[in-house]
Amino acid sequence: MDIKMKIENLNFFYGELQALKDINIEIESKKITALIGPSGCGKSTFITSLNRMSDLIEGTKVEGKITLDGEDIHNSEVDVIELRKQVGMLFQKPNPFPKSIYDNVIYGPKRYGGKRKVELDEVVEKSLRGAALWDEVKDKLHQSALMLSGGQQQRLCIARCLAAQPEVLLMDEPTSALDPLSTLKIEELFDELKKNYTIIIVTHSMQQAARISDNTAFFLNGELIEFGKTTSLYMKPVNSLTEEYITGRFG
Amino acid sequence: MRTLHKSKNKYNLKESIIVKILYVFASISILTTIAIVVTLLEETIVFFREVSIIEFFTSTKWTPTLRPQNFGVLPLLTGTMMIAVGSCIVALPMGLGSAIYLSEYAPKNVRKTVKPILEILAGIPSIVYGFFALTFITPLLKTILPETQVFNAASASIAMGIMIIPMVASLSEDAMMAVPDSIRQAAYALGSTRQEVALKIVVPATLSSIGAAFVLAFSRAIGETMIVAIAAGQSPVFTLNPLDSIQTMTGFMVNISLGDIQQGTIEYKTVFAVAALLFAITFVMNMTAKAIVNRYKEEY
């Protein structure tokens, strides 16, 4: 088993409030790890601590160790910009920049060098293909990204992430604001994406987690209740709380 | 049912009276505007019966109160433009800079304190800025550039620039604050620094509001009177040297209004011709600002 990220004894505080309690998880490389649990269970907090987006919130405190390919991401030597380049993130609501489709995709590559037009054109096509959006937008690359539908915008955001050449993709309920058809399109993408990327996805939908993920972690009140292979977690949950949650008795 | 009907009618009557009163209030401002435009145009037309419109726009001599009379508005126009451009050179970078600082960098409590203070600047009467220019900025300029005249365009421009900073800052900051945080987060998640988020995401997204703020600030500078009347001078000279004493269109109008010019004379009518020109310029600028905002709507 190839481990991409390892989280050890992670505690997370918003001021006095402890949002995560002693979390230990190993994220398998090029697999999809789903995080499930009711609202406020800490799964979103957990995901934002993995690329240190949580640094942006005032008054937060992190204890414990998170490693990416063995390197501690809280090490003072670590450049948070480099970290976020390697650990891309997709948000709950599609958030394209108010720029053209083309400019959205090249935002990352332009930052990290590689500024030749031919190269950028290549990146744009490759990333949009990777996000299964190319055929729909190839004739309107220079139109505003805001003209796209919600589902298309979210796939554009995926393309924007891919263009930055990450290794890990964090997704915070990426389909919760989308209609079923758009959701299906994005779910279909996941099989393709996991060939090249390690994916960690927060989802509100247990069905979605069951459909797409290899491993599942169940969070409750800031604690990791159960973590294991998705099939076994759903078929034979060890913890009674997990069983109650996945059978719909609460949450 | 009958009682119901009656009371309904009573309310309807009351309602319709209120609507009519409100309508009158709303109309007053429109009627006033129309009246102003009509008066301006009437007197301006009379003026141009006596003075050639070509002379007005091409002659570089403006001596309507002296003999021989000259009616070339260019010195007033260059004076006005010099002040407007000068004040924008001061106000635009500083206003935009403060807006970026307040919306993208300042911690919450700093923003809460600084923004009201900035807005107080806008509430200071312009005559105060005029004396500030005359008694503080001009002496300062003089120590640096001894050839500075007592009344000069530069000092009035600087004071005016300071006065319109809050306008630029406030309008731009409002637009920047309207940029949803989700977009900033997307940029941070792609590894952007704060400065990149400000300059590559937020400023481009709000460019049309910033542009409109600039045009409005420019228009405000053109129409502002007190500062230039006090600090810029009363010499309608065709010059582009900001250290010279000049006169603006508004400055001229104040000058004539305060003098003992007889009603109905040609000197008196020049005020209306200049006012009409001023009105036309600011009107066009304000429409431009509106057009910019409408044309490039900021949507997220």
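All values below were derived from every heavy atom in this structure, side-chain atoms included, with hydrogens, water molecules and symmetry-related copies excluded. Letters A, B, ... mirror the listed sequences (proteins, then strands); counts begin at 1.
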Original post:
Which pair of non-hydrogen atoms, one from A/Arg111 and one from B/Gly191, has the smallest distance, and what is that distance?
Top reply: NH1-O, 2.8 Å

Original post:
Does NZ in A/Lys65 sit with more than 12 non-hydrogen atoms of other residues, nucleotides or ligands closer than 6.0 Å?
Top reply: no

Original post:
Within a radius of less than 6.0 Å around CD1 of B/Ile18, do more than 12 heavy atoms belonging to other residues, nucleotides or ligands occur?
Top reply: yes

**OP:** Please check if atom CD in A/Glu167 has more than 12 non-hydrogen atoms from other residues, nucleotides or ligands closer than 6.0 Å.
**Re:** yes

Original post:
Which pair of non-hydrogen atoms, one from A/Arg84 and one from B/Tyr188, has the smallest distance, and what is that distance?
Top reply: CD-O, 3.1 Å

**OP:** Mark yes when over 12 heavy atoms from residues, nucleotides or ligands other than B/Tyr105 sit less than 6.0 Å from its OH; otherwise mark no.
**Re:** yes

Original post:
Checking A/Leu83 against chain B: side chain, backbone, both or neither under 4.5 Å from a heavy atom?
Top reply: neither

**OP:** Taking atom CZ of B/Phe283 as the centre, report whether more than 12 heavy atoms of other residues, nucleotides or ligands fall under 6.0 Å from it.
**Re:** no

**OP:** Return yes when atom CD of A/Gln143 has more than 12 non-hydrogen atoms of other residues, nucleotides or ligands closer than 6.0 Å, and no otherwise.
**Re:** yes

Subject >> Approximate separation, where rounding is to 0.5 Å, of B/Gln185 CD and A/Lys93 NZ >> reply: 11.5 Å

Subject >> Atom group of A/Pro96 that falls short of 4.5 Å from chain B, counting heavy atoms >> reply: backbone

Subject >> B/Met94, CE atom: more than 12 neighbouring heavy atoms under 6.0 Å >> reply: no

Original post:
At a heavy-atom separation under 4.5 Å, does B/Lys108 approach chain A through its side chain, its backbone, both, or neither?
Top reply: neither

Original post:
Do B/Ile183 and A/Pro98 have side chains that get closer than 4.5 Å, going by heavy atoms?
Top reply: yes

Subject >> Under 4.5 Å from any heavy atom of chain A - which part of B/Pro107 >> reply: neither

Subject >> Heavy atoms from other residues, nucleotides or ligands near NZ of A/Lys194 exceed 12 (cutoff 6.0 Å) >> reply: yes

Original post:
What part of A/Arg52 gets closer than 4.5 Å to chain B, counting heavy atoms only: side chain, backbone, both or neither?
Top reply: neither

Original post:
Looking at A/Asn95 and B/Ala186, what are the two nearest heavy atoms and their distance?
Top reply: ND2-CB, 3.3 Å

**OP:** With a 4.5 Å cut-off on heavy-atom pairs, point out which of A/Asn51, A/Thr48, A/Val80, A/Leu56 contacts chain B the most.
**Re:** A/Leu56

**OP:** Considering non-hydrogen atoms only, spot the tightest contact between B/Leu190 and A/Tyr107 and give its length.
**Re:** CD1-CD2, 3.8 Å

